[in-house]
Every structure is written in structure tokens, then in C-alpha cells.
Engineer: 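My questions will all concern the structure given below.
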Amino acid sequence: QVQLVESGGGLVQAGGSLRLSCAASGRAFSSYAVNWFRQAPGKEREFVAAISWNDFNTYYADSVKGRFTISRDNAKNTVYLQMNSLKPEDTAVYYCAASWRGVVKAHNNMDYWGKGTLVTVSS
């Protein structure tokens, strides 16, 4: 089994940056696709970014493309989400999720979830 722990959330002004981390324990991250999702109160959970297990391909929601960058460090069993040029609409709880089947984007097909980290962007 795999346990995921997110960190790095906080309060930031619009235009600022944060780097989120997703640390895994129990099994090497190299065998999993890793996704970031986010959810604000009253809104549906939405896909943010993902990185594949096989060739490190990356995927981004249109709303964050060009501003966010996902990366992974298999030696540290950690996936990062660098968030630049943050906007108030980025405010949400951000969740890390992993799929041993290599699934990306679909939140209902994840095998493991972290508990989330809150990102608040002020205008």
C-alpha cells in the first residue's frame, strides 16, 4: 500500500508562487502515475496536473497550463507542483492522488489519495 502526504499550501497574494509537495511511503513512486486535483467549497473536484509512470509525460488542465509545473523525484519518492502567477480562482484544497494503472485526469479512478493541503490566493 501507499500513503501520500501533501505539504506546501498556505496564503499568498495574487501573482505569487507556491510549491506543493506530495511525499509517498510504502512503495516506490516510480511505478505510479501521480495526479493533482483541487476542490473549492461548493465546487466539483477538478483535475489540475499529472505525470505518467512510464516516460514522465505531463498533463495539465487548460486553466493552469503555462503557470503550473509538475515534476517527480523518484529518489525522494516525491512529486512537486510548482504554482506560479497564482490567481484567486486557484484557491482550493489541493489533493495528491496516485494510480498504479497509470490513470490520469479521472478522479474516480485513483487508487490512493492524500488528505489535501489548502491554498488560498488573495486578490
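Starting from 1, each residue takes its place in the sequence as its number.
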Engineer: Quick one: pull up CD in Q82 and CD1 in I70 and give me the separation to the nearest 0.5 Å.
Structural biologist: 12.0 Å
Engineer: Could you grab the distance from atom CD of E89 to atom NZ of K43, nearest 0.5 Å is fine?
Structural biologist: 8.5 Å
Engineer: Output yes when a side-chain donor or acceptor of R72 lies under 3.5 Å from a complementary backbone atom of A33, and no otherwise.
Structural biologist: no
Engineer: Quick one: do L118 and F37 end up in the same hydrophobic cluster if we chain Ile, Leu, Val, Met, Phe, Trp and Tyr together by side-chain heavy atoms under 4.5 Å apart?
Structural biologist: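 Same hydrophobic cluster.
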Engineer: Does Q39 have any side chain to side chain contact (heavy atoms under 4.5 Å, CB included) partners at least two apart in sequence or in another chain, and if so, which?
Structural biologist: R45, Y95
Engineer: For K65, what residues pass the side chain to side chain contact (heavy atoms under 4.5 Å, CB included) criterion, not counting sequence neighbours?
Structural biologist: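 With sequence neighbours excluded, K65 shows a side chain to side chain contact (heavy atoms under 4.5 Å, CB included) to Y60, D62, given in chain and number order.
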Engineer: Residues in salt bridge (charged side-chain N to carboxylate O under 4.0 Å, His left out) with E46, at least two apart?
Structural biologist: R38
Engineer: Side chains of L4 and V34, heavy atoms from C-beta outward: is any pair under 4.5 Å?
Structural biologist: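 Not in contact.
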Engineer: Quick one: which residue pairs count as a side-chain hydrogen bond (donor to acceptor under 3.5 Å, both in side chains) with a foot in residues 6-21, not counting sequence neighbours?
Structural biologist: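 Only S17-N84 qualify under side-chain hydrogen bond (donor to acceptor under 3.5 Å, both in side chains).
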Engineer: Could you pull out the closest heavy-atom pair between T117 and G8, with the gap in Å?
Structural biologist: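 In this case the closest contact between T117 and G8 is OG1-N, 4.2 Å.
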Engineer: For T91, check side-chain hydrogen bond (donor to acceptor under 3.5 Å, both in side chains) against everything at least two apart and list the hits.
Structural biologist: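 In terms of side-chain hydrogen bond (donor to acceptor under 3.5 Å, both in side chains), with neighbours along the sequence ignored, T91 is linked to no residue.
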Engineer: Going by the rule side chain to side chain contact (heavy atoms under 4.5 Å, CB included), which residues pair with V12 if we only count those two or more places apart in sequence or in a different chain?
Structural biologist: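 If we apply the side chain to side chain contact (heavy atoms under 4.5 Å, CB included) test to V12, skipping adjacent residues, the hits are L18, L86, V121.
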Engineer: Measure across A50 and N35 and return the closest heavy-atom pair with its distance rounded to 0.1 Å.
Structural biologist: CB-OD1, 3.4 Å
Engineer: Return the minimal non-hydrogen interatomic distance between A14 and P88, and the atom names on each side.
Structural biologist: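 Here A14 and P88 meet closest at CB-CD, 4.1 Å.
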Engineer: In the structure I gave you, are the side-chain heavy atoms of W36 and C96 within less than 4.5 Å of one another anywhere?
Structural biologist: yes
Engineer: Can you name the side chain to side chain contact (heavy atoms under 4.5 Å, CB included) partners of K105, sequence neighbours left out?
Structural biologist: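 For K105 the side chain to side chain contact (heavy atoms under 4.5 Å, CB included) partners, ignoring immediate neighbours, are F47, Y59.
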Engineer: Is there a path of hydrophobic side-chain contacts, each under 4.5 Å between heavy atoms of I/L/V/M/F/W/Y residues, joining L20 to V93?
Structural biologist: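 No, it is not one cluster - the side chains of V93 and L20 are not joined through contacts under 4.5 Å.
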Engineer: Do V48 and M83 share a hydrophobic cluster, counting only Ile, Leu, Val, Met, Phe, Trp and Tyr and linking them when any side-chain heavy atoms are less than 4.5 Å apart?
Structural biologist: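 Hydrophobic grouping puts V48 with M83.
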Engineer: So V104 and S99, side-chain contact (heavy atoms from CB on, under 4.5 Å) or not? Walk me through it.
Structural biologist: CA-CA 8 Å; V104 296; S99 168; over 6 Å; no
Engineer: Roughly how far, to the nearest 0.5 Å, is the CZ atom of F68 from the OG1 atom of T58?
Structural biologist: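 So the OG1 of T58 and the CZ of F68 are separated by 14.0 Å.
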Engineer: Quick one: which residue pairs count as a salt bridge (charged side-chain N to carboxylate O under 4.0 Å, His left out) with a foot in residues 111-123, not counting sequence neighbours?
Structural biologist: R101-D111
